[in-house]
Trainee: 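Questions regarding the structure given below will be posed in turn.
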Amino acid sequence: MTALTKEQVAELAAYLENAELEAYEVTKVTDQYPEMDFEDAYNVQDEIRRRKIERGNKIVGYKAGLTSRAKMKQMGVEEPCYGFLADYFQQPDGAEIDTKSLIHPKVEAEIAFVTNKPLRGPGCHVGTVMAATDFVIPAVEIIDSRYKDFRFDLVSVAADNSSSSRFVLGGQMADAGDVDLRNIGVVMERNGEIVEVGAGAAVLAHPANSVAWLANALGERGEEIPAGSLILTGGVTAAVTVEPGDSVTVRYQGLGTVGMRFI
Ligand code: 0L1
Ligand code: MG
């Protein structure tokens, strides 16, 4: 069941994408269309993706969000969500990230997967995901909800490409089978102080479950995760707010560090 017309989907996609590209905050889309549902929301997200592809951007993968209890509790929701990743979201390890191009960024420590086979739900599980994984790599996602004060509901978040904004990958990858992804320890520091610690199991008991959830969710819309995709599996810890001048370093047990500075 959908509540929005094609024109309303296109209108909301422009409303949210302009806010992303010009870095200003907006009110949540369910204030204007309280009757809209998840199908409408992901139709809006798809339309934002279509606009970017038309403009020449490449889609490099997906992110699953709100996959840990810490994140669900922090944002007051009960289910994960997903978004797509465009090429220009990527920033190099050690980057200076200009906060003027963002609204109110937060950082999340994540485990990313790179696939070498397509994954299509329903029926994906940890085993199918591990069999389709080329390697895992540490990542920091910089989320930036377009909604005022990060106040939203899950339908509004899904329409807003699940707050996707930027991401930084580390330089040290590993075979997924060689890493204890449930027990891997993660320590996040901001300006040299430890602000969050966590373990891989915080993400749906195993980060590969997050990829399986994503493949199954996309499968419900007749889509798949293509081979060669980068998948951010969701914050191991709660998200941490950053300001200009902040330096962030995340240490991943056995997978090195990822760092960036906000200017
Ligand atoms: O990546 C995430 O877990 C965030 C998903 C969207 C909700 C938020 O902005 O916190
Ligand atoms: Mg995330």
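Each ligand, and each atom within it, is numbered from 1 in the order the structure gives.
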Trainee: Would you say T30 and S156 are linked by a side-chain donor-acceptor pair, where the criterion is simply a distance under 3.5 Å?
Mentor: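 S156 vs T30: donor-acceptor pair found between side chains.
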Trainee: S162: heavy atom below 4.0 Å from ligand 1, yes or no?
Mentor: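 Yes, S162 has heavy atoms under 4.0 Å from ligand 1.
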Trainee: Hey, what's the angle at the Mg ion (ligand 2) spanning OE2 (E110) and OE1 (E108), nearest 10 degrees?
Mentor: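 Rounded to 10°, it measures 80°.
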Trainee: Treating D40 as the side-chain partner and L4 as the backbone partner, does any N or O pair qualify as donor plus acceptor under 3.5 Å?
Mentor: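 Checked: pair present.
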Trainee: Is there a nitrogen or oxygen of E110 sitting under 3.5 Å from a nitrogen or oxygen of ligand 1?
Mentor: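 No.
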Trainee: For atom 4 (C) of ligand 1, what is the nearest protein heavy atom, given as residue, atom name and distance?
Mentor: K71 NZ, 3.6 Å
Trainee: Quick one: look at Q74 and ligand 1, take heavy-atom pairs under 4.0 Å, and tell me if it's side chain, backbone, both or neither.
Mentor: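 For Q74, no heavy atom sits under 4.0 Å from ligand 1.
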Trainee: Which of the atoms of ligand 1 are close to F150, meaning less than 4.0 Å from one of its heavy atoms?
Mentor: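 Under 4.0 Å from F150, ligand 1 has these atoms: 9 (O).
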Trainee: Could you list the atoms of ligand 1 found under 4.0 angstrom from a heavy atom of F152?
Mentor: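 Taking each heavy atom of F152 in turn, ligand 1 has 7 (C), 8 (C), 9 (O), 10 (O) under 4.0 Å.
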Trainee: Looking at D144 and K106, would you say the former's side chain and the latter's main chain have a donor-acceptor pair under 3.5 Å?
Mentor: no
Trainee: Which residue supplies the protein heavy atom nearest to atom 3 (O) of ligand 1, what is that atom called, and how far is it?
Mentor: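 That would be L66 N, 2.9 Å.
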Trainee: Is K63 positioned over the aromatic face of F84, cation under 6.0 angstrom from the ring centre and no more than 45 degrees off axis?
Mentor: no
Trainee: If you have a sec, work out which protein heavy atom is nearest atom 6 (C) of ligand 1 and how many Å separate them, to one decimal?
Mentor: S163 OG, 3.4 Å
Trainee: Is it the side chain (CB and beyond), the backbone, both or neither of K63 that lies under 4.0 Å from ligand 1, heavy atoms counted?
Mentor: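 The answer is the side chain of K63.
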Trainee: Of all N, O or S atoms in E141, identify the one at the shortest distance from the Mg ion (ligand 2).
Mentor: OE1
Trainee: Between R146 and N18, do the side chains contain an N or O donor and an N or O acceptor separated by less than 3.5 Å?
Mentor: no
Trainee: Under 4.0 Å from any heavy atom of G65, which atoms of ligand 1 are there?
Mentor: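 So the answer, numbered in order with elements, is 1 (O), 2 (C), 3 (O).
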Trainee: Please evaluate residues T27 and Y15 with respect to the criterion side chain to side chain donor-acceptor pair (under 3.5 Å), reporting the C-alpha separation (whole Å), side-chain torsions for both, the decisive distance (0.1 Å), and the verdict.
Mentor: CA-CA 10 Å; T27 53; Y15 171 75; 3.1 Å; yes
Trainee: Under 4.0 Å from any heavy atom of M75, which atoms of ligand 1 are there?
Mentor: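 Counting from 1, the qualifying ligand atoms are 10 (O).
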Trainee: Is there a side chain to side chain donor-acceptor pair (under 3.5 Å) between N191 and S247? Walk through the geometry before answering.
Mentor: CA-CA 5 Å; N191 304 325; S247 287; 4.5 Å; no
Trainee: Can a side-chain donor-acceptor contact be found between K58 and Y88 if the only test is distance below 3.5 angstrom?
Mentor: no
Trainee: Using a distance-only test with no angle check, is there a side-chain donor-acceptor pair under 3.5 angstrom linking Y42 and E220?
Mentor: no
